[in-house]
Amino acid sequence: MQKRISPALAISGEISLPGDKSISHRYAMIASIAEGATRIRNYSTGADCHSTLSCVRALGIEVEGAGTEFVIQGRGLDGLRKPAGDLDAGNSGSTIRMLSGILAAQPFGTRIFGDESLSRRPMQRILAPLERMGARIRARDGKFPPLEIQGGELRPIDYTLPVASAQVKTCVLFAGLFAEGETSVTEPVRSRDHTELALREFGAEVTVVRQRITLRGRPKLTGRELAVPSDLSSAAFFIVAALLAPGSKLSITGVGLNPTRSALLDFLVGMGARIRVPNLESSHGELVGDLLVEHSELRGGVIDGALTAALIDEIPVLAVLGAATEEGLTVRDASELRIKETDRIRTVIDNLRRMGVEAEELPDGMVIPGRQKFHAAEFDSCGDHRIAMAFAVAALRGDGESVIVGAEAASVSFPEFWETLSACASG
Ligand code: S3P
């Protein structure tokens, strides 16, 4: 599918966005192994979170509902059933990595696979800790999906993550739920903590001391009513679009502003962005607020170290923004970007160059000089949702009509993206 995007003078109005992808996955998985019903409102409409729902259904869990509201009938820690066939994680790294922690503890074997992009993504990072817990898993070439997981009894672990990854942390904590005793995970830098917050909501005992998270195994998890805040990583595309277009004044309601995710706002405000957060409140342990964004002149900046890990999903759209700032943008310590849905350093640089924007590729990042002009171009999502949406934002600043090839990729996290964009962009 191709989308044609014309330049926009302003991004304005009030928009609401789909539920947070990271939180939706976690609520659905934990609800499945909790006792009793969990009602989830504002569940992500993205294909990734629907992959998680189909996997838990295949594991014998009743999921009722449609759209953004689902009721999941949890069957307790020992209630999953052997699926009739293979589990399909689609494009979703979160589904395969996090669910594997649960599958590794089951008294039956499962095979879980994904699409072409997921089949190239590294799984060694979950295999190592799960094997130390006693799991037996076979992966293609020892490291890629499909995974054949021979479930069984697990022992607790005290594990130090070699890479900052919330998916791996979650996988180990989920496996730890089934092991008798305490499982601990120490992270090199603090990653998003939705798992810790969600597990506490369902009744697990989770303690966090600096970068070390400890969980007591075999907790009683109880189903409950939950609402997912809107996804800040999806909001990022609209925030950047509004900051760049001169007449913009945009309001985005009910966005998840968990401090382990909201570095984006601090980074932008530090560069001179006019963003206000009225109505901040806490919901199921998560911070939620409205965002008011106005067009701003931005200085530019550097993303490196722990900040890179905190902004990892937003870097494609920040790269677009960087080219329009005063001093440009440098990204370092981001080699993880090379193993996302695409090699996002390559796909970002290729698309920036298509619109005549200069950018230097580094092994672990990129350097994008500021004050550049955006020319209309044909962009290629390469099947990556965040690339499709980042370059739709770039296209709004073009000097003519641009085309996004592979625009359907946006549905992985944000099926309503194109509709929402045309509702708030005015030429
Ligand atoms: C996610 C963690 C991040 C992020 C991904 C979602 C999560 O991946 O890029 O989009 O929900 O835990 P890593 O865990 O690989 O850093």
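Side chains are part of it too, since the values below use all heavy atoms of this structure and drop only hydrogens, waters and symmetry mates. Just so you know, residue 1 is the first one in the sequence shown, and it goes up from there. Atoms within a ligand are numbered from 1 in the order they appear, just like the ligands themselves. Please read all numbers here as calculations on a predicted model, not as lab measurements.
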H194 vs S22, test: side-chain hydrogen bond (donor to acceptor under 3.5 Å, both in side chains). Steps then yes/no. CA-CA 7 Å; H194 306 300; S22 294; 4.7 Å; no
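- Two residues are said to be in side-chain contact when any heavy atoms from C-beta on lie closer than 4.5 Å; D350 and L352 fail this criterion.
- Scanning the protein heavy atoms around atom 14 (O) of ligand 1, the nearest turns out to be S165 OG, 2.7 Å.
- The A166 neighbourhood of ligand 1 comprises atoms 12 (O), 14 (O), with distances under 4.0 Å to a heavy atom of that residue.
- Here the protein heavy atom with the shortest distance to atom 12 (O) of ligand 1 is R26 NH2, 2.6 Å.
- In this model, a donor atom of one side chain and an acceptor atom of the other lie less than 3.5 Å apart for K169 and S191.
- The closest approach between a heavy atom of T170 and any atom of ligand 1 is not below 4.0 Å.
- In terms of protein heavy-atom proximity, atom 4 (C) of ligand 1 is nearest to D313 OD2, 3.3 Å.
- Aromatic pair H50/F70: ring centres closer than 6.0 Å.
- With no hydrogens or angles considered, a side-chain donor-acceptor pair links T195 and T170 at under 3.5 Å.
- Remark: ligand 1 atoms within the under-4.0 Å shell around heavy atoms of S22 are 6 (C), 7 (C), 11 (O).
- The pair R190-E196 meets the salt-bridge criterion, with a side-chain N (NZ, NE, NH1 or NH2) lying under 4.0 Å from an Asp/Glu carboxylate O.
- Neither the backbone nor the side chain of K169 comes within 4.0 Å of ligand 1, counting heavy atoms alone.
- The heavy atom nearest to atom 1 (C) of ligand 1, out of those in Q167, E314, R125, H25, is found in Q167.
- Taking 4.0 Å as the cut-off, H194 does not count as a neighbour of ligand 1 on heavy-atom distance.
- Residues D193 and N258 have side chains that bring a donor and an acceptor to within less than 3.5 angstrom of each other.
- By heavy-atom distance, the residue among M98, R261, K340 lying nearest atom 8 (O) of ligand 1 is K340.
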